Student: 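Submitted below is the structure of interest, expressed as structure tokens.
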Amino acid sequence: MTANTANTVIAFDLYGTLLSTESIAKHLEKHYDNAKAQSISALWRRYQLEYTWRLNSMGKQHFQAWRSSRYEDFSVITRNSLLHALADNNDQLSNDNIERLMQAYDSLSTFSDVHPALINIAADPTIQAVIFSNGTKTMVNNSVLRSKDLSPHASVFQEIVTVDEVQQYKPSKATYEHLAKQIGQDPSQMSKLWLVSGNPFDIVGARATGMQAIWVDRVGTGWKDAMAPDLQPTAIVHSLEQIVNEIHSRRL
């Protein structure tokens, strides 16, 4: 996609922003009671993120260019983090059941505010929406094109950008610059791009590169991330339905 300078490009994070990673618990409830399913679900997500950060940290610099000494794609990370979560609960599942859970991860439920928000964005010709995810192309395409929740809105997204090609995970600077290049934006003008994410680490990463970033605070707890106090969200919303108005009020 080539960015239209008259429009605003909004990059939506997928997991934890459009798709609820907590919704996988209902599939785990086929094997466990509610409490254990919730516990495994939370640990699964925790290790999924932790593994991406570990792999980023295990990279090395070589002649001023970043080369990753370790990289596993997000589907491998997702499977391995599930195994870790199960082990923490002194449990395991058969390979067939693991595979069913992996398939279920490609059709997570959306948050309740996603449907009306995407309708609003589709009706606004000044906004170009893309998806920007740690997930593999296959995982993200499955979620966008096949899931009952997101597939009706597939045409809203003009591009699907993943980190596969750079082999690093958010919040690495290279991933956000990769996003800019993929949508035809000069990486030296990152301030023209907007990220929408429910993940604080993603917001901080985007702001560190100069992007605008809207944090989705659905539970209303307020911004607490203190890793880099100077890197605050450009805006905070409690529902994705507020995105369009927020963008229009803050256009550069």
Side-chain angles (χ1 to χ4, degrees), residues 1 3 7-26 41 45 49 105-135 139-162 170-171 175-176 179 183 191-207 211-225 231-252:
M1 182 186 82
N7 292 345
T8 299
V9 178
I10 305 177
F12 284 90
D13 173 59
L14 187 64
Y15 301 109
T17 303
L18 298 178
L19 298 178
S20 170
T21 56
E22 296 174 359
S23 66
I24 197 66
K26 66 183 179 183
S41 172
R45 176 60 170 169
L49 293 176
Y105 213 91
D106 286 349
S107 56
L108 295 171
S109 299
T110 57
F111 291 98
S112 61
D113 57 348
V114 170
H115 175 72
L118 293 182
I119 288 177
N120 290 341
I121 289 170
D124 191 328
T126 70
I127 290 178
Q128 294 179 320
V130 303
I131 284 179
F132 173 45
S133 177
N134 275 340
M139 291 177 72
V140 178
N141 280 330
N142 285 343
S143 293
V144 174
L145 300 177
R146 300 180 187 176
S147 77
K148 64 180 180 63
D149 287 346
L150 265 187
S151 60
H153 304 287
S155 62
V156 173
F157 304 107
Q158 299 186 26
E159 185 92 15
I160 291 176
V161 180
T162 71
K170 296 190 280 183
T175 62
Y176 302 98
L179 165 67
I183 63 174
S191 63
K192 294 183 178 180
L193 299 179
W194 287 78
L195 175 80
V196 175
S197 180
N199 297 300
F201 75 89
D202 198 8
I203 296 295
V204 172
R207 294 295 286 148
M211 286 180 66
Q212 309 300 324
I214 298 177
W215 180 50
V216 187
D217 178 20
R218 289 187 173 95
V219 296
T221 56
W223 183 257
K224 297 178 181 178
D225 195 301
L231 299 176
Q232 300 284 318
T234 307
I236 297 175
V237 299
H238 300 302
S239 168
L240 282 180
E241 293 180 77
Q242 299 171 281
I243 293 295
V244 171
N245 287 340
E246 197 66 52
I247 293 292
H248 281 301
S249 69
R250 295 172 178 266
R251 273 213 167 101
L252 296 178

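Bear in mind that the values here come from a model prediction, so they are computed numbers and not experimental data.
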Student: Sequence neighbours left out, what passes salt bridge (Lys or Arg N to Asp or Glu O under 4.0 Å) with Asp113? Give chain and number order.
Tutor: Arg218

Student: Run the side chain to side chain contact (heavy atoms under 4.5 Å, CB included) test on Ser191 and Gln212 for me, step by step, so that the C-alpha distance in whole Å, both residues' side-chain angles and the decisive distance to 0.1 Å come before the verdict.
Tutor: CA-CA 6 Å; Ser191 63; Gln212 309 300 324; 3.8 Å; yes

Student: Please list, chain by chain and in numerical order, all residues satisfying side chain to side chain donor-acceptor pair (under 3.5 Å) with Glu22, sequence neighbours excluded.
Tutor: none

Student: Compare all side-chain heavy atoms of Phe12 with those of Val156 and state whether any distance is below 4.5 angstrom.
Tutor: no

Student: Which pair of non-hydrogen atoms, one from Pro200 and one from Asp225, has the smallest distance, and what is that distance?
Tutor: CB-OD2, 3.6 Å

Student: Phe201 and Leu49: side chain to side chain contact (heavy atoms under 4.5 Å, CB included), yes or no, with the steps?
Tutor: CA-CA 10 Å; Phe201 75 89; Leu49 293 176; 3.8 Å; yes

Student: Between Trp223 and Asp217, does a side chain to side chain contact (heavy atoms under 4.5 Å, CB included) hold up when you go through it step by step?
Tutor: CA-CA 8 Å; Trp223 183 257; Asp217 178 20; over 6 Å; no

Student: Who are the side-chain contact (heavy atoms from CB on, under 4.5 Å) partners of Thr110, not counting sequence neighbours?
Tutor: Leu19, Val114, Asp149, Leu150

Student: Checking Thr8 side chain against Ile127 main chain: does a donor-acceptor pair fall under 3.5 Å?
Tutor: no

Student: Is there side-chain contact between Ser109 and Lys26, with heavy atoms separated by less than 4.5 Å?
Tutor: yes

Student: Judged by atom type as modelled, is there a donor-acceptor pair below 3.5 Å linking the side chain of Thr234 to the main-chain atoms of Ala213?
Tutor: yes

Student: Can you tell if the side chain of Asp13 reaches within under 4.5 Å of the side chain of Lys170, non-hydrogen atoms only?
Tutor: yes

Student: Taking the six-membered ring for Trp, are Phe132 and Tyr176 parallel (under 30°), tilted (30 to 60°) or perpendicular (over 60°)?
Tutor: perpendicular

Student: Looking only at heavy atoms, what is the nearest atom pair of Pro152 and Ser147, with distance?
Tutor: CD-O, 4.2 Å

Student: If you measure from OG1 on Thr17 to CD1 on Ile203, what distance do you get to the nearest 0.5 Å?
Tutor: 7.5 Å

Student: Quick one: does Thr126's side chain get under 4.5 Å of His248's, heavy atoms only?
Tutor: yes

Student: At their closest point, which heavy atom of Ala154 faces which heavy atom of Leu145, and how far apart are they?
Tutor: CB-CD2, 3.9 Å

Student: Any non-hydrogen side-chain atom of Tyr105 less than 4.5 Å from a side-chain atom of Thr21?
Tutor: yes

Student: Can you find a pair of side-chain heavy atoms, one from Phe111 and one from Val216, that are under 4.5 Å apart?
Tutor: no

Student: Can you tell me how far apart CD1 (Ile183) and CG (Leu179) are? Round to the nearest 0.5 Å.
Tutor: 4.5 Å

Student: At their closest point, which heavy atom of Ala123 faces which heavy atom of Pro125, and how far apart are they?
Tutor: O-CD, 3.4 Å

Student: Any side-chain heavy atom of Asp124 within less than 4.5 Å of one from Asn120?
Tutor: no

Student: How many angstroms lie between atom CD1 of Ile236 and atom CD of Gln242, to the nearest 0.5 angstrom?
Tutor: 11.0 Å

Student: Working to the nearest 0.5 Å, report the span between CD1 of Ile243 and CD1 of Ile214.
Tutor: 4.0 Å

Student: With side chain to side chain contact (heavy atoms under 4.5 Å, CB included) as the test, would you mind laying out the steps for Arg207 and Gln232 before giving the verdict?
Tutor: CA-CA 7 Å; Arg207 294 295 286 148; Gln232 300 284 318; 5.9 Å; no

Student: Nearest 0.5 Å please: distance from the OH atom of Tyr15 over to the CD1 atom of Ile24.
Tutor: 10.5 Å

Student: For residues Glu246 and Trp194, determine if any side-chain heavy atom of one lies less than 4.5 Å from a side-chain heavy atom of the other.
Tutor: no

Student: Find the distance between CG (Asn142) and OG (Ser107) and round it off to the nearest 0.5 Å.
Tutor: 9.0 Å

